[in-house]
Amino acid sequence: MRIKLKLFSIAKDLGGFDEQVVEVPPDSVAEDVLHSLIQKNTKFIDWKKSLRYAVNLEYVSDDFPLHDGDEVAVIPPVSGG
Amino acid sequence: MHEITRNRIDVENVIRSVVSPEAGAVNVFIGTTRNHSSGRTVTSLEYEAYEPMATRMLDMIIREAWNQWDVKNISVVHRIGRVGIGEASVVIAVSSSHRDEAFRASRFLIDRLKDGVPIWKREFFDDGSVEWSLHSHAQKTETEAG
């Protein structure tokens, strides 16, 4: 299935893109998007624990199941304000 | 009202948006950009947002504040893009019949904003380096925002 993957802040710098349509295996969960990112840049391993995920504009747990067409965002620690 | 804007925030306009004849108080919180970070000199800052999600979350936290306190009107405006030192990056205005509710709701709103709304700050240092500010959890205990 295909999802739209969005990266922000440090994740965007490490991944080298801000938005990409990516193919993920069926039964993938939110944190699985990290696998392909780690293959691109192993520094993602250091960030694993501080990254959160959002699916279709809402925070989800790491094991949230993904569906075809989902917009999945990798959310590093926020620093607004 | 809530807004994410690339323009300089017009504080008076934000205040005007919450003023109500039924309100006896308007509390305004302004987060301004600091010229230092962990002992280093910051020359300017840049904010980026996951805009559709940030907008949605602002809407959500405003509703939460409304449900929790007896307040009249709430406005939250966050600026993104390049922001000069000492400028407002966020303005929160709350009107209420009595001041205590407005103070409490404002505090709640800025805390919730800093805790989860997908907005990120990048600091430009005087030595030419540029870094994302990624220690938001440690900053939670500070009383200052921005």
First locate atom [atom1] of [X], then atom [atom2] of [Y], and finally report the distance between them rounded to the nearest 0.5 Å.
{"X": "Ile10(A)", "Y": "Arg122(B)", "atom1": "CD1", "atom2": "CZ", "value": "10.0 Å"}
{"X": "Glu48(B)", "Y": "Ser79(A)", "atom1": "CD", "atom2": "OG", "value": "9.0 Å"}
{"X": "Leu134(B)", "Y": "Ser50(A)", "atom1": "CG", "atom2": "OG", "value": "8.0 Å"}

field: Worked check of side chain to side chain contact (heavy atoms under 4.5 Å, CB included) between Glu58(A) and Met57(B)
entry: CA-CA 9 Å; Glu58(A) 269 182 48; Met57(B) 283 196 73; over 6 Å; no

message: Could you check whether any side-chain heavy atom of Ile75(A) comes within less than 4.5 Å of a side-chain heavy atom of Trp120(B), counting everything from C-beta outward?
response: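 In short, these two side chains touch, coming nearer than 4.5 Å.
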
- prompt: Is there a side-chain contact between Tyr50(B) and Leu57(A), using heavy atoms and a 4.5 Å cut-off?
  reply: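 Yes - at least one pair of side-chain heavy atoms lies under 4.5 Å apart.
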
Are [Y] and [X] connected in a single hydrophobic cluster, I mean Ile/Leu/Val/Met/Phe/Trp/Tyr linked by side-chain heavy atoms less than 4.5 Å apart?
{"X": "Val19(B)", "Y": "Val77(B)", "answer": "yes"}
{"X": "Ile61(B)", "Y": "Trp69(B)", "answer": "yes"}
{"X": "Phe17(A)", "Y": "Val72(A)", "answer": "yes"}
{"X": "Ile45(A)", "Y": "Leu34(A)", "answer": "yes"}

For [X], does the [atom1] atom sit with more than 12 other heavy atoms under 6.0 Å from it, leaving out its own atoms?
{"X": "Arg99(B)", "atom1": "CZ", "value": "no"}
{"X": "Asp126(B)", "atom1": "CG", "value": "yes"}
{"X": "Arg40(B)", "atom1": "CZ", "value": "yes"}

- request: Check each atom of Asn56(A) against the heavy atoms of chain B and say whether the ones under 4.5 Å are side chain, backbone, both or neither.
  value: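 Just the backbone, heavy atoms under 4.5 Å.
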
message: For Ala49(B), which atoms come within 4.5 Å of any heavy atom of chain A: side chain, backbone, both, or neither?
response: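 For Ala49(B), the backbone is the part near chain A, not the side chain.
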
- request: Using atom types as modelled and distance alone, determine if a side-chain donor or acceptor of His78(B) lies under 3.5 Å from a backbone N or O of Gly81(A).
  value: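 Between the backbone of Gly81(A) and the side chain of His78(B) there is a qualifying donor-acceptor contact (under 3.5 Å).
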
query: Under the 3.5 angstrom rule, does the side chain of Tyr59(A) hit a backbone N or O of Gly116(B) as a donor-acceptor pair?
result: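 A pair under 3.5 Å: yes.
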
